[in-house]
There are 2 protein chains.
Amino acid sequence: MTTTAETAETARTAEAAGTTGGPAAPLTGEMVLAGARVRGRGRTVHAVDPRTGRTLDPGYALGGAEDVDRAATAAAEAFRTYRRTDPGVRAAFLDTTAEILTDRTETIVARVQQETGIPEARVRGELTRTVNQLRLFAGVLREGSAAGVRIEPALPDRTPLPRPDLRQRRVPLGPVAVFGASNFPLAFSVAGGDTAAALAAGCPVVVKAHGSHPGTSELVGLAVTEAAARHGLPAGVFSLVYGEGREVGTALAAHPAVRAVGFTGSRAGGTALMAVAQARPHPIPVYAEMSSTNPVVLLPGALGERGADIGAGFAASLTTSAGQLCTNPGLVLLVEGPGSAEFLDSAADAVRRTPATPMLSPAISSAYRDGVQALREHPAVTELAAGEEDESLAAPGTAHLFTTTATAFAADEALAAEVFGATSLVVRVPDVADLPALLERLEGQLTATVHLSEADTATAADLVPVLEEKVGRLVVNGWPTGVDVGAAIVHGGPFPATSDGRSTSVGTLAIERFQRPVAYQDAPAALLPPELRDGASTPTT
Amino acid sequence: MTTTAETAETARTAEAAGTTGGPAAPLTGEMVLAGARVRGRGRTVHAVDPRTGRTLDPGYALGGAEDVDRAATAAAEAFRTYRRTDPGVRAAFLDTTAEILTDRTETIVARVQQETGIPEARVRGELTRTVNQLRLFAGVLREGSAAGVRIEPALPDRTPLPRPDLRQRRVPLGPVAVFGASNFPLAFSVAGGDTAAALAAGCPVVVKAHGSHPGTSELVGLAVTEAAARHGLPAGVFSLVYGEGREVGTALAAHPAVRAVGFTGSRAGGTALMAVAQARPHPIPVYAEMSSTNPVVLLPGALGERGADIGAGFAASLTTSAGQLCTNPGLVLLVEGPGSAEFLDSAADAVRRTPATPMLSPAISSAYRDGVQALREHPAVTELAAGEEDESLAAPGTAHLFTTTATAFAADEALAAEVFGATSLVVRVPDVADLPALLERLEGQLTATVHLSEADTATAADLVPVLEEKVGRLVVNGWPTGVDVGAAIVHGGPFPATSDGRSTSVGTLAIERFQRPVAYQDAPAALLPPELRDGASTPTT
């Protein structure tokens, strides 16, 4: 293990500081490197309250490549023992993390609100989701299916050749680098889906904290660290590093000890990590969730029956959380006819009545306003409605609704790009027959949504195969926002929605992204992992 | 679809030529592009009998990027219908392919022998394996588990939020480019594992024929094409292209319609395809099986009990098929002590008595001899034995056995590189305590093998976690050659054994490499695929 960073170390560990369990310790602005609190040696940054622009204490001194090396090296060391832990021990670790987070709900909720401007109710809901996700994965570990067991006993009398005894299970890939997202400071960040999946799989985790919520990251990172200590796990099973993406993020994805990357963020950030991972002497998988407009298709029967209701539901989905959700419906294909005017009126009316909302950060707000301005200036785009403005916000977010024609949409691929925030582009489609070609033009998406009535069934059935090729999840008569965390969910999709459409970043299938299969041929029981021995109760696949 | 190649087309299709089923049609040297026979417009190449150096007819005129475009475009078109076929139809397609191949056994066996020099018994065995593999995958399709069904019914009363109805299945990725291997002209080539897995998954296939067995490729490619026609499948579901790797291979991996690559061959070839796939606007998965020395660890107890027997078994595994197997044991870690001399004597004796064998091609023979020469000239390496030579062979292969010390092996990573052919390097290890560090130094491998007795159990148990990190399959008291095709096998492993250690290229799990998950939320039965409807008999995972 490198010791270059140790001069800056406070010589306290989470445990020594007396913080295992109980109320949250005061924030210090230090990283958590394999259980040790370490102050970075780079410049100091502060979180900003996007509602007020006020700077929040403490300062966070950024780490560098030496901190990445320390964390990743400790993770590799911890992996030797952590990968062999009983699934029940990993389950208990996840449950304890959930318990500590729950115990500290009020501290966490307050800090998340300060750092992100997300309303209290949604923060509480997101914390519940995060905690439930940890417990769900613990349940999968106890049940045993995550091991992917396949057993074929020997057939000594098979001809022309006897069959050996073959037993397969999935093993963890190794240390995982997790890059937290700004828009889900809990559920897609330090102890979010990727971290829960990696820890469940048996992989240590090194998190690069998102710069917009360092305090939340510290609170949650300490909870994971304390849970690991409580179960006697090696401290290197979890680390939390602060730093610039270009330095610390790149060093993390390039580190030889790191065996996979989980990322939620921008397309530029995700593709940069993909390039780093591929350029390594030993390339590694990157699971980057990046960009999606989540098209919504409104069919004539549904519009005729309930155009106004659909408009209201759409606007609610669009404007929730200031539109800062990966599954935000940023594109609508509206088949013109009875009900389409009612849809537009209703949606526009709801957008106009939407209060200005603080966005996650001034930078996100600024990028959002640039995206809106580009749509406003586009000659083929009409602004249908704008929500309320509030110039007193440091990172204002105002809802917008635009329309364009199918011809114009087909002619300019810039109109299909994501604008991250509460804006959506409604494409007026003359006829259902135009839909397949318009959908075929789209890039990969996390979701697609179809609103239909009985009368639209045949039309929709023709669209399903086109949509299946584009998305990870198909929603009918609902809205894409609100992702259920379970066994059947897919939060993924073809590039550029994600870097690897073969996986999901939400739900129990996510555990598999950090595993690979190994077969054992004619191995005696003493050499087999417990789940592969005769009489093990592990479910087989 | 491009028509640039049509001037060269013979205007016959496989069906029009009256060749659906029945005896094999005479070889023409034409490609098979979506059912049409098309002569390439590049230079003409001939297969060479590696036993005699004799040129074989017919000539094969190489194709170019325009042929790739035609095949890939037809594959994309075929995908629209093929992906929606009932699994039973795909099963019948695979079974019919197996049946046609079986009907043409004598023609195929004769041509494979001519093009590869592989002995008749092994060719017949490989054809049986290929046919059984197609039938195994057909069985998986009929049984239903390949769909990966996960169903979570709605919970309308759940709090705080109701749960939607969520149903997940796996869908095919799209057209797959398959690059056949030279060393398994049937089982890892035109209708080999990758093709069978892709077709089972619902993906059309475009094969780039390996240049060393074009006639075998034509025979097998026609069988697949005829089977597709017999079941009324779109002709674009399968194409066979001849051409240079740098032109045709690159064009295939870069083609926008191609969604995944399966490759078996050299490390240079595999990493080149990885680079092409990552540089695409829409990156795609590459499954390249590349390089492996398949280390064998011989523990003291096993050596003491049966050193001579292990030596004989090792030599048999080493020299089978002139050592041209992916799982050939090219590296032995021999713990010195009682029985180690007997192992070496027995192995050396068997190697000396090994007849010279034709290798697959003059190029492979030449590369093999270069690798052997480099070992001979290495100052820390001793040649222990050499097999018989036969200078009358056009592509001679002579077995070799070398030894070195653990110190020398640890000091020069060149000694850990694969030499493709019947040569192996025995590393003399002073003590079992030296094994973990030596094994940690190795790159990813397809397999590792351990020979042990009861007395070695504790030693072996300590090695298992190290080996699990390095390999896809761990063999105990057996040999890595001879890969069983079933549900529990893994033929894969960490880089550079393969480009993607999360998969296998042999066995039924291989179907998943060409799929990705999609979730359907609140979709009515009319929009669900049959396997996700209420009451479907599909097994869930």
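For the numbers below, each heavy atom of this structure counts, side chains included, while hydrogens, waters and symmetry mates do not.
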Heavy-atom distances under 4.5 Å only: say whether [X] touches chain A with side chain, backbone, both or neither.
X         : result
Pro281(B) : backbone
Ser503(B) : backbone
Pro172(B) : backbone
Arg259(B) : neither
Arg158(B) : side chain
Arg167(B) : backbone
Val464(B) : side chain
Asp165(B) : neither
Thr504(B) : neither

Considering all heavy atoms of both residues, which atom of [X] and which atom of [Y] are nearest to each other, and what is their separation?
X         : Y         : answer
Pro517(A) : Gly501(B) : CD-O, 3.7 Å
Arg502(B) : Arg516(A) : CA-CB, 3.8 Å
Trp479(B) : Gln521(A) : O-NE2, 4.3 Å
Leu166(B) : Arg473(A) : CD2-CD, 4.4 Å

Under 4.5 Å from a heavy atom of chain B, the part of Thr457(A) involved: both
Which bit of Arg170(A) comes within less than 4.5 Å of chain B, counting heavy atoms only: side chain, backbone, both or neither? neither
Checked Pro285(B), Ser145(B), Ala526(B) vs chain A; the most non-hydrogen pairs under 4.5 Å come from Pro285(B)
From the list Pro494(B), Gly125(B), Gly482(B), Pro160(B), the residue making the most non-hydrogen contacts under 4.5 Å with chain A is Pro494(B)
So that I can tick it off, tell me whether Arg80(A) and Glu440(B) are bridged by a salt bridge, with the cut-off set at under 4.0 angstrom between side-chain N and carboxylate O. yes
Can Glu468(B) and Arg169(A) be counted as an ion pair, charged N to O under 4.0 angstrom? yes
Side chain to side chain contact (heavy atoms under 4.5 Å, CB included) evaluation trace for Arg150(A) with Thr508(B): CA-CA 11 Å; Arg150(A) 294 172 165 228; Thr508(B) 56; 3.2 Å; yes
Within a reach of under 6.0 Å around CD of Glu143(B), are more than 12 heavy atoms found that belong to other residues, nucleotides or ligands? yes
Comparing Pro283(A), Ala460(A), Ala275(A), Pro164(A) against chain B, the one with the most heavy-atom pairs below 4.5 Å turns out to be Pro283(A)
Mind checking which of residues 442-455 of chain A sit less than 4.5 Å from chain B, heavy atom to heavy atom?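 Listed by number, the contacting residues are Leu452(A).
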I need the contact set between residues 484-491 of chain B and chain A: heavy-atom distance under 4.5 Å, sorted by residue number. Asp484(B), Gly486(B), Ala487(B), Ala488(B), Ile489(B), Val490(B)
What distance separates Leu474(A) CG from Asp522(B) CG, expressed to the nearest 0.5 Å? 10.5 Å
Looking at CG of Asp500(A) and CG of Asp500(B), how far apart are the two atoms once the value is rounded to the nearest 0.5 Å? 8.0 Å
